[in-house]
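Scope of the values below: all heavy atoms of this structure, side chains included, with no hydrogens, waters or symmetry mates.
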Amino acid sequence: LERRKGSQRGTTSRKEADKPNILSGVFDGKTTGAPITIVFENTNIQSKDYNFAKEIPRPGHADFVAMKKFGGFNDYRGGGHFSGRLTVGLVAAGVIAKKIIKPIGTEAYLISVGGSKDIEKVVNKAVEEGDSVGGLIECKISNVPIGLGEPFFNSIESLISHIVFSIPGIKGIEFGAGFKSAEMQGSVHNDLVVDADGKTSTNNAGGINGGITNGNEILFRAAVKPTSSISKVQKTVNIKTGELSELSVKGRHDACIALRVPVILEAASAIVLADLLLIEQKIPKVMR
Ligand SMILES: Cc1cc2nc3c(=O)[nH]c(=O)nc-3n(C[C@H](O)[C@H](O)[C@H](O)COP(=O)(O)O)c2cc1C
């Protein structure tokens with residue numbers, strides 16, 4: 001939860017305690033088997049920052065579609081339904097999932113921002129220009145048993161992609177060699193099996209064949225778009241008057257969402273792995 005907050009330049013100046021209040025499912029420091037309910041309160045709100053969003057949708061954000069879909073009744077304050085704040089719940093569930101899936105481990109890190117490895121420089125430039133910037137994150141899942149994931153609909157790529165695309169601002173995902181696979185030959189792309197446990201010399205498949213884990217590390221990368229709320233002036237439309245308008249978004253926005261997303265990807269993948277272990281009945285029962 002601390003990692004999701006973000007403290008470096010390019011993350012929101014809005015500081016939240018993010019203190020989990022566990023309402024059910026835990027007693028005497030142990031889970032009881034009842035559903036675990038964890039509530040986080042918003043304690044640092046400035047709704048007036050969003051007054052414009054009643055009439056003037058931010059280019060790139062969900063304001064326009066939310067107005068249309070919910071007939072103007074959408075809660076536009078703080079982005080409402082579409083706020084990155086909702087990922088606090090995902091991370092909280094991920095904390096529990098990570099405990100369940102041990103010794104499977106998930107680790108995600110930012111590999112580039114704006115196409116560059118000089119993350120600080122590129123983020124600083126975006127902040128100074130009142131702009132924003134996207135980023136690429138890699139996630140590795142280690143100690144994965146062979147056989148998790150189902151053929152066809154519930155392939156492990158499908159399940160991971162499903163939850164990863166729930167994270168606001170994610171625009172792409174690739175497994176193993178991913179989009180580069182389209183440029184490769186079979187003799188290069190094929191991962192050669194080097195032992196009877198299925199270990200391979202390369203990992204172009206990202207640890208997955210036929211939607212099923214092959215025992216190698218699961219590897220995927222996710223593309224995070226640049227934040228749509230920027231102070232640079234952009235053209236948009238006033239939905240009430242129908243007139244073209246301009247918008248400079250003030251408020252406490254992340255200039256680079258990607259800085260905060262690695263821990264969210266770890267949580268999302270741990271949740272998928274926990275579900276799959278449950279299906280395979282591979283979660284050890286811990287008795288008092
Ligand atoms: C941790 C996190 C923080 C975010 N912070 C912001 C923000 O400060 N300003 C903003 O416009 N969007 C922010 N977003 C992204 C929006 O929530 C997202 O772009 C919006 O809901 C539209 O969804 P889409 O980008 O998936 O189409 C954030 C997303 C995440 C995951």
Side-chain angles (χ1 to χ4, degrees), residues 3-14 49 53 57-66 78-88 90-91 94 106-140 157 160-183 206 219-236 247-269:
R3 283 172 64 202
R4 198 201 70 96
K5 281 187 193 170
S7 52
Q8 64 272 63
R9 195 162 190 225
T11 57
T12 179
S13 58
R14 175 172 180 258
D49 285 350
R58 285 169 286 179
H61 212 287
D63 304 328
F64 178 80
V65 290
H81 214 133
F82 301 93
S83 170
R85 179 100 180 102
L86 269 69
T87 57
V88 72
L90 213 52
V91 172
T106 66
E107 190 199 1
Y109 39 86
L110 191 56
I111 51 178
S112 65
V113 159
S116 163
K117 296 210 183 312
D118 197 343
I119 292 167
E120 213 180 308
K121 187 173 147 208
V122 177
V123 170
N124 283 340
K125 187 168 176 284
V127 172
E128 273 145 32
E129 292 174 350
D131 212 329
S132 63
V133 66
L136 190 64
I137 296 160
E138 188 164 84
C139 185
K140 287 179 175 169
E157 291 114 313
I160 291 176
S161 302
H162 196 158
I163 192 164
V164 166
F165 278 122
S166 306
I167 302 167
I170 301 279
K171 280 296 181 189
I173 188 164
E174 63 176 10
F175 292 84
F179 283 88
K180 284 224 163 57
S181 306
E183 300 162 14
L219 180 106
F220 69 89
R221 281 174 290 273
V224 185
K225 76 180 202 182
T227 322
S228 42
S229 306
I230 53 174
S231 59
K232 247 189 186 170
V233 178
Q234 293 208 293
K235 289 193 173 24
T236 178
L247 181 68
S248 158
V249 183
K250 309 284 184 242
R252 303 169 295 171
H253 295 282
D254 294 277
C256 181
I257 302 166
L259 294 169
R260 298 177 60 197
V261 171
V263 68
I264 307 172
L265 287 181
E266 287 178 14
S269 45

Grab the two heavy atoms, one from [X] and one from [Y], that are nearest each other, plus how far apart they are.
X	Y	answer
G80	L86	O-CD1, 3.8 Å
G130	I230	O-CB, 3.5 Å
G115	S112	C-CB, 4.3 Å
K232	D131	NZ-OD2, 3.3 Å
V127	G10	CG2-CA, 3.9 Å
P226	S132	CB-OG, 3.4 Å

Legend entry - Note: E174-R221 ion pair, threshold 4.0 Å (strictly below):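 Salt bridge: yes.
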Is the count of non-hydrogen atoms from other residues, nucleotides or ligands lying under 6.0 Å from [X] atom [atom1] greater than 12?
X	atom1	answer
K225	NZ	yes
F64	CZ	no
E120	CD	no

Which value, rounded to the nearest 0.5 Å, describes the distance between [X] atom [atom1] and [Y] atom [atom2]?
X	Y	atom1	atom2	result
F220	E157	CZ	CD	11.5 Å
F175	L219	CZ	CG	9.5 Å
S229	R252	OG	CZ	13.0 Å
T12	H253	OG1	NE2	8.0 Å
I257	S228	CD1	OG	6.5 Å
I163	S269	CD1	OG	8.5 Å

Is there a donor-acceptor pair under 3.5 Å between the side chain of [X] and the backbone N or O of [Y]?
X	Y	value
D63	A53	no
T236	P57	yes
S231	V249	no
S83	G79	no

Legend entry - Residues that R3 engages under salt bridge (charged side-chain N to carboxylate O under 4.0 Å, His left out), provided they are two or more places apart: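 Salt bridge (charged side-chain N to carboxylate O under 4.0 Å, His left out) list for R3, sorted by chain: E266.
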Legend entry - Stepwise side chain to side chain contact (heavy atoms under 4.5 Å, CB included) test for V224 and I170: CA-CA 5 Å; V224 185; I170 301 279; 3.9 Å; yes
Inset, instruction - Show your reasoning for whether side chain to side chain contact (heavy atoms under 4.5 Å, CB included) applies to L110 and I119. - result: CA-CA 9 Å; L110 191 56; I119 292 167; 4.0 Å; yes
Inset, instruction - Tell me, with the steps shown, if L259 and D254 meet side chain to side chain contact (heavy atoms under 4.5 Å, CB included). - result: CA-CA 9 Å; L259 294 169; D254 294 277; over 6 Å; no
Can [X] and [Y] be counted as having a side-chain donor-acceptor contact under 3.5 angstrom?
X	Y	value
K5	S7	no
T87	R4	yes
R260	T11	no

Legend entry - Check against side chain to side chain contact (heavy atoms under 4.5 Å, CB included), I111 and I137: CA-CA 6 Å; I111 51 178; I137 296 160; over 6 Å; no
Legend entry - Flag side-chain contact, heavy atom, 4.5 Å: K250 against S248: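 Counting from C-beta outward, K250 and S248 do come under 4.5 Å.
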